Amino acid sequence: MKEPRIKLGVNIDHIATLRQARKDIDPDPIAAAQVARQSGADLIVCHLRRDRRHIQDEDLIKLCRLKGETHVELSDDPKIVAAVLKARPSSVCLVPERPGEVSTEGGLDVVRNFKSLSKTVKRLKKAGLEVSLFIAPEAPYVRAARNLGADVVEFNTTDYVAAGTKPAQKAELERLELAAYMAWEMGMTVHAGHGLDYHNVAPIARVPHMSALNIGYSIIARSVFVGLKTAVSEMRRMVD
Ligand code: PXP
């Protein structure tokens, strides 16, 4: 049986990063979301950070009012959870967040933080949101995600992206394949992302049971030269 088409989640945080450089109105992340959607994005992804360095609360409200799926990354922080619940996205992904980090640094430690995550997952699910957990592709984390009641796991692809040799990349792909199979068998939907670009995305898109890829930096960086429409369409073609 042919696997369904993989969804492309386009993370527009860095459109807002550019706007915040001047704290002005351009470039507008809402307009960017519309262009991305018209160019092949299935999900619009953004991260409401504690330091509000890119996406602002008002952006989130507007993004969630747009037609189509808005997927919000958030940390396990009651104030952020409240702000996200107010905006009412279609789905969310809990991620770790260290103050001062340049980007998300790894997956959640869903084993060690099981208790606090359990409360937050329940709160989000009670509000009717689909809940994803950003984790490393490892069996104990997949098991804990299932026990937490996650609908989706998003596997961190940082180690795959950083693999410096073909054998190391192959080993990372196998690790992702195994974890994806395990999550799928447990009834969860499988996503992946972080650090994916035009050169490294294709093998990840072919991992069996992969359902969506969330990509931001490489698309927004390329859009500076070719425009957002072309940058998203090109990534769409790489994923297909
Ligand atoms: N997935 C998660 C959970 C993330 O935190 C990020 C970064 O915001 C991404 C995917 C996208 O990563 P990148 O910007 O490197 O494509």
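Values in this document were obtained by computation on a predicted structure and should not be read as measured data. All ligand and atom numbering here is 1-based and tracks the order in the structure. Any value given below was found using the heavy atoms of this structure, including those in side chains, with hydrogens, waters and symmetry copies removed.
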Under 3.5 Å, N or O to N or O, is Gly195 touching ligand 1 that way? yes
Could Glu58 and Lys62 be called an ion pair, given the rule that one side-chain N must be under 4.0 Å from one carboxylate O? no
Ser103 to ligand 1: N or O pair under 3.5 Å? no
Heavy atoms only: which of Glu105, Glu101, His194 is nearest to atom 7 (C) of ligand 1? His194
Between Glu177 and Tyr181, is a side chain to side chain donor-acceptor pair (under 3.5 Å) present by the stated rule, with each step listed? CA-CA 6 Å; Glu177 281 169 4; Tyr181 178 75; over 6 Å; no
Basic-acidic side-chain contact under 4.0 Å: Arg52, Asp57: yes
Under the rule for side-chain contact (heavy atoms from CB on, under 4.5 Å), what residues qualify as partners of Arg112, not counting sequence neighbours? Asp109
Any N or O of Tyr217 that comes nearer than 3.5 Å to an N or O of ligand 1? yes
Using the side-chain contact (heavy atoms from CB on, under 4.5 Å) criterion, which residues pair with Ala16? Sequence neighbours excluded. Arg19, Pro29, His54, Ile55
Nearest non-hydrogen protein atom to atom 2 (C) of ligand 1, with distance, is Glu73 OE2, 3.1 Å
Got an N/O contact under 3.5 Å between Glu154 and ligand 1? yes
for atom 5 (O) of ligand 1, nearest protein heavy atom and its distance come out as Thr104 OG1, 2.7 Å
Show which atoms of ligand 1 fall inside a sub-4.0 Å distance from at least one heavy-atom site of Val95. 3 (C)
Starting from atom 11 (C) of ligand 1, find the nearest protein heavy-atom neighbour and note its residue, name and distance. Asn214 O, 3.8 Å
Kindly confirm or rule out an N or O of Gly216 lying under 3.5 angstrom from an N or O of ligand 1. yes
Hey, which atoms in ligand 1 end up nearer than 4.0 Å to a heavy atom of Asn11? 8 (O)
Hey, is OH on Tyr217 packed in by over 12 heavy atoms from elsewhere, all under 6.0 Å? no
Look at the aromatic rings of Phe134 and His194 and report parallel, tilted or perpendicular, splitting at 30° and 60°. tilted
